[in-house]
Amino acid sequence: MSLLKTVAVSNNNIQLPSTPGKFKPEKYQPYNHFMIHRLRLSKLTLWSSIFLAFILFFFILSPPSPSPSPATNTRQSWGGHHWEKRVTKSARTNSDSGLTVLVTGAAGFVGFHVSLSLKRRGDGVLGLDNFNGYYDQSLKRARQKVLSRAGVFVVEGDINDAALLRKLFDVVLFTHVMHLAAQAGVRYAMQNPHSYVHSNVAGFVNLLEVSKAANPQPAIVWASSSSVYGLNSKVPFSEKDRTDQPASLYAATKKAGEAIAHSYNHIYGLSMTGLRFFTVYGPWGRPDMAYFFFTKDILKGKQITVFEAADGGTVARDFTYIDDIVKGCLGALDTAKRSTGSGGKKKGPAQFRIYNLGNTSPVAVSELVRILEKLLKVKAKKKVMAMPRNGDVQFTHANISRAHRELAYMPTTDLETGLTKFVKWYLDFYSPSRKKVAGVSSW
């Protein structure tokens with residue numbers, strides 16, 4: 001404002017008074033006034049130009065963010081009578097009391113299992129996935145085929161595509177959204193940080209924007225992460241513990257998601273339930289997870305790296321089997337209350353919940369390797385080294401008392417039992433000729 005309000009007073013146009021206590025300003029001179037304005041506008045233009053040049057310089061020199069997905073860079077074809085028919089058929093329930101659920105990230109690990117379980121119990125399920133290239137797309141396509149056989153149509157598209165989301169909400173009156181689409185992985189954030197903000201923050205906001213405008217609004221259950229506990233040293237982790245010390249960008253985006261969810265709950269009346277997953281594993285899992293690539297490398301005779309704490313302490317995880325996680329997800333959907341808003345306007349307080357979904361029995365990574373060696377009947381070539389500063393934490397341990405009390409959540413699968421099922425699936429999917437290893441049959 002100071003640049004717009006020109007003070008036409010300077011040593012050049014003020015005449016000191018001859019009588020103390022009085023002064024008489026010179027008569028206003030339009031030319032001087034014009035020159036002062038011109039000078040200041042010139043300075044403003046100069047600095048604005050420098051600022052814009054700096055911004056352009058930054059974007060030109062900054063390397064483009066490598067996208068993990070060719071799907072996100074090309075427009076996907078959707079719409080039309082046949083497409084809408086497939087959407088409505090997939091979302092149709094088998095009973096009047098069934099849920100109608102949009103599952104984002106349906107071709108992902110957890111999304112795949114949740115979609116199957118919902119469909120098998122008679123709920124209407126529509127999947128959405130962009131099939132990005134963060135890990136092997138053929139695995140995602142294989143999941144898609146299984147879902148298709150079960151009657152679940154997975155729409156290929158991105159949660160950042162507002163037009164697509166609005167179309168889906170126009171075609172189907174969703175009672176619930178199970179939001180599992182995300183850019184996963186702690187270490188990858190150091191290579192491609194923009195993808196985490198794009199998916200976990202911008203994508204989530206886009207989904208909430210479309211959901212808030214729906215009439216009726218759906219109840220939303222979404223995947224947070226145990227990573228939000230960050231550098232918290234108090235164990236087991238409770239939902240009441242501080243989560244303001246993220247150790248990775250991934251964790252920061254998940255924490256941001258919780259804050260964003262709370263704001264939409266408070267302002268627009270969206271029913272929100274966040275689930276903090278603890279190291280999920282099992283059949284059809286993610287290849288970037290340790291248990292998965294350890295299995296792959298052990299079978300190939302490659303060396304695996306096992307991390308330990310900088311002081312030589314144990315690195316442990318609260319490994320949670322996928323079937324237990326699915327039960328928690330379904331419990332959250334079944335107990336979610338209706339959103340209280342309509343068409344973007346809140347009409348009353350809405351439900352907001354956060355739950356830990358873990359196994360509450362941390363296991364050392366060295367023990368994970370021992371179990372895999374036993375199941376594969378192959379001795380691992382191990383290299384033990386200190387855990388690098390890449391966002392990983394030394395220890396995770398879930399307090400699940402709230403989820404047990406309110407969702408009837410109770411994990412029942414120990415690590416060895418779960419890994420046995422995983423190895424059966426892995427050998428059948430990747431190495432059919434070796435599926436008799438350790439006496440295991442196909443999954």
Side-chain angles (χ1 to χ4, degrees), residues 101-105 128 158-166 168-169 174-184 189 193-230 232 237-277 328-329 332-333 335-357 402-403 406-407:
V101 188
L102 172 64
V103 180
T104 68
L128 176 65
D158 196 281
I159 54 174
N160 280 284
D161 188 343
L164 171 58
L165 289 180
R166 285 193 294 268
L168 294 177
F169 276 74
F174 295 107
T175 61
H176 296 72
V177 173
M178 186 78 215
H179 178 48
L180 297 168
Q183 177 56 61
H194 300 85
S195 66
Y196 288 80
V197 178
H198 177 75
S199 181
N200 302 355
V201 179
F204 191 27
V205 169
N206 197 50
L207 176 65
L208 294 178
E209 279 291 302
V210 176
S211 297
K212 82 169 191 193
N215 191 11
Q217 293 174 337
I220 297 176
V221 178
W222 90 97
S224 184
S225 170
S226 62
S227 296
V228 299
Y229 291 110
N232 187 12
F237 300 150
S238 167
E239 294 90 345
K240 298 178 181 179
D241 293 341
R242 65 185 297 182
T243 54
D244 60 350
Q245 296 178 300
S248 66
L249 179 61
Y250 169 71
T253 60
K254 284 297 186 177
K255 176 58 182 175
E258 293 186 358
I260 290 167
H262 187 274
S263 68
Y264 274 79
N265 165 267
H266 175 70
I267 299 171
Y268 302 110
L270 284 172
S271 172
M272 304 293 303
T273 302
L275 305 177
R276 294 173 177 170
F277 297 152
C329 291
L333 288 167
T335 58
K337 294 181 180 179
R338 293 182 179 179
S339 294
T340 62
S342 177
K345 295 183 179 180
K346 181 180 179 180
K347 297 183 177 180
Q351 184 182 55
F352 184 84
R353 307 178 295 173
I354 296 287
Y355 296 106
N356 287 338
L357 293 186
R402 178 182 292 180
E406 299 179 15
L407 306 181

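Small disclaimer: the values here were computed from a predicted structure and weren't measured.
- In this view, Thr243 and Val228, Tyr229, Lys255, Arg276 satisfy the side chain to side chain contact (heavy atoms under 4.5 Å, CB included) rule, not counting sequence neighbours.
- To the nearest 0.5 Å, the span separating CZ on Phe237 from OG on Ser226 amounts to 7.5 Å.
- Listed by first and then second residue, the salt bridge (Lys or Arg N to Asp or Glu O under 4.0 Å) pairs that reach into residues 194-215 are Glu209-Lys212, sequence neighbours excluded.
- Take Phe174 and apply the ring-ring contact (aromatic ring centres under 6.0 Å, His included) test, not counting sequence neighbours, and it matches Phe169.
- Residue pairs that meet the salt bridge (Lys or Arg N to Asp or Glu O under 4.0 Å) test with at least one member in residues 196-206, sequence neighbours left out, do not exist here.
- The closest side-chain heavy-atom distance from Leu164 to Leu128 is below 4.5 Å.
- Residues satisfying the salt bridge (charged side-chain N to carboxylate O under 4.0 Å, His left out) criterion with Arg338, sequence neighbours excluded, are absent altogether.
- Under the rule for a ring-ring contact (aromatic ring centres under 6.0 Å, His included), the partners of His179 that lie at least two apart in sequence or sit in another chain are Phe204.
- When all heavy atoms of Leu165 and Ile159 are compared, the closest pair comes out as CD1-O, 3.3 Å.
- For the pair Ser211 and Gln217, the tightest heavy-atom approach, listed with the atom from each and the gap, is O-CG, 3.5 Å.
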Pair Cys329-Leu275, side chain to side chain contact (heavy atoms under 4.5 Å, CB included): steps then yes or no: CA-CA 8 Å; Cys329 291; Leu275 305 177; 3.9 Å; yes
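- For the pair Leu180/Val103, a side-chain contact is recorded, criterion being any heavy-atom separation below 4.5 Å from C-beta on.
- For the pair Tyr264 (side chain) and Leu208 (backbone), a donor-acceptor distance under 3.5 Å is absent.
- Taking both residues in full, the closest heavy atoms of Asn215 and Ser342 are given as OD1-OG, 2.8 Å, listed atom of the first, atom of the second, then distance.
- Glu239 places a side-chain N or O within 3.5 Å of a backbone atom of Asn356 that can act as its donor or acceptor partner.
- Residue Lys337 comes nearest to Gln351 through the heavy atom pair N-OE1, 2.7 Å, listed as atom of the first residue, atom of the second, then distance.
- Trp222 and Ala261 get closest at one heavy-atom pair: CH2-CB, 3.5 Å.
- With sequence neighbours excluded, no residue forms a side-chain hydrogen bond (donor to acceptor under 3.5 Å, both in side chains) with Thr340.
- Residue pairs meeting the salt bridge (Lys or Arg N to Asp or Glu O under 4.0 Å) criterion with at least one member in residues 259-274, sequence neighbours excluded, do not occur.
- Interatomic distance, Ser238 OG to Ile354 CD1, rounded to the nearest 0.5 Å: 12.0 Å.
- With sequence neighbours excluded, the residues that form a side chain to side chain contact (heavy atoms under 4.5 Å, CB included) with Ala403 are Tyr355, Leu357, Leu407, Tyr409.
- Looking at every heavy atom in both residues, Phe277 comes nearest to Ala223 through CE1-CB, 3.5 Å.
- Partners of Thr253 by side-chain hydrogen bond (donor to acceptor under 3.5 Å, both in side chains), not counting sequence neighbours, listed by chain and number: Asn200.
- At distances below 3.5 Å, at least one donor-acceptor pair connects side-chain atoms of Ser339 with backbone N or O atoms of Pro218.
- Atom CE of residue Met178 and atom CG of residue Leu102 lie 11.0 Å apart, to the nearest 0.5 angstrom.
- In this structure a side-chain-to-backbone donor-acceptor pair under 3.5 Å is missing from Gln183 to Ser195.
- Partners of Ala162 under the side chain to side chain contact (heavy atoms under 4.5 Å, CB included) rule, at least two apart in sequence or in another chain, are Arg166, Asn206.
- Atom CD1 of residue Ile220 and atom CG of residue Asn265 lie 10.0 Å apart, to the nearest 0.5 angstrom.
- Contact check for Ser227 versus Lys254: no side-chain heavy atoms found under the 4.5 Å cut-off.
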Criterion side chain to side chain contact (heavy atoms under 4.5 Å, CB included) on Glu406 and Thr335, from CA distance to verdict: CA-CA 8 Å; Glu406 299 179 15; Thr335 58; over 6 Å; no
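- Counting only residues at least two apart or on different chains, no salt bridge (Lys or Arg N to Asp or Glu O under 4.0 Å) pair has a member in residues 340-356.
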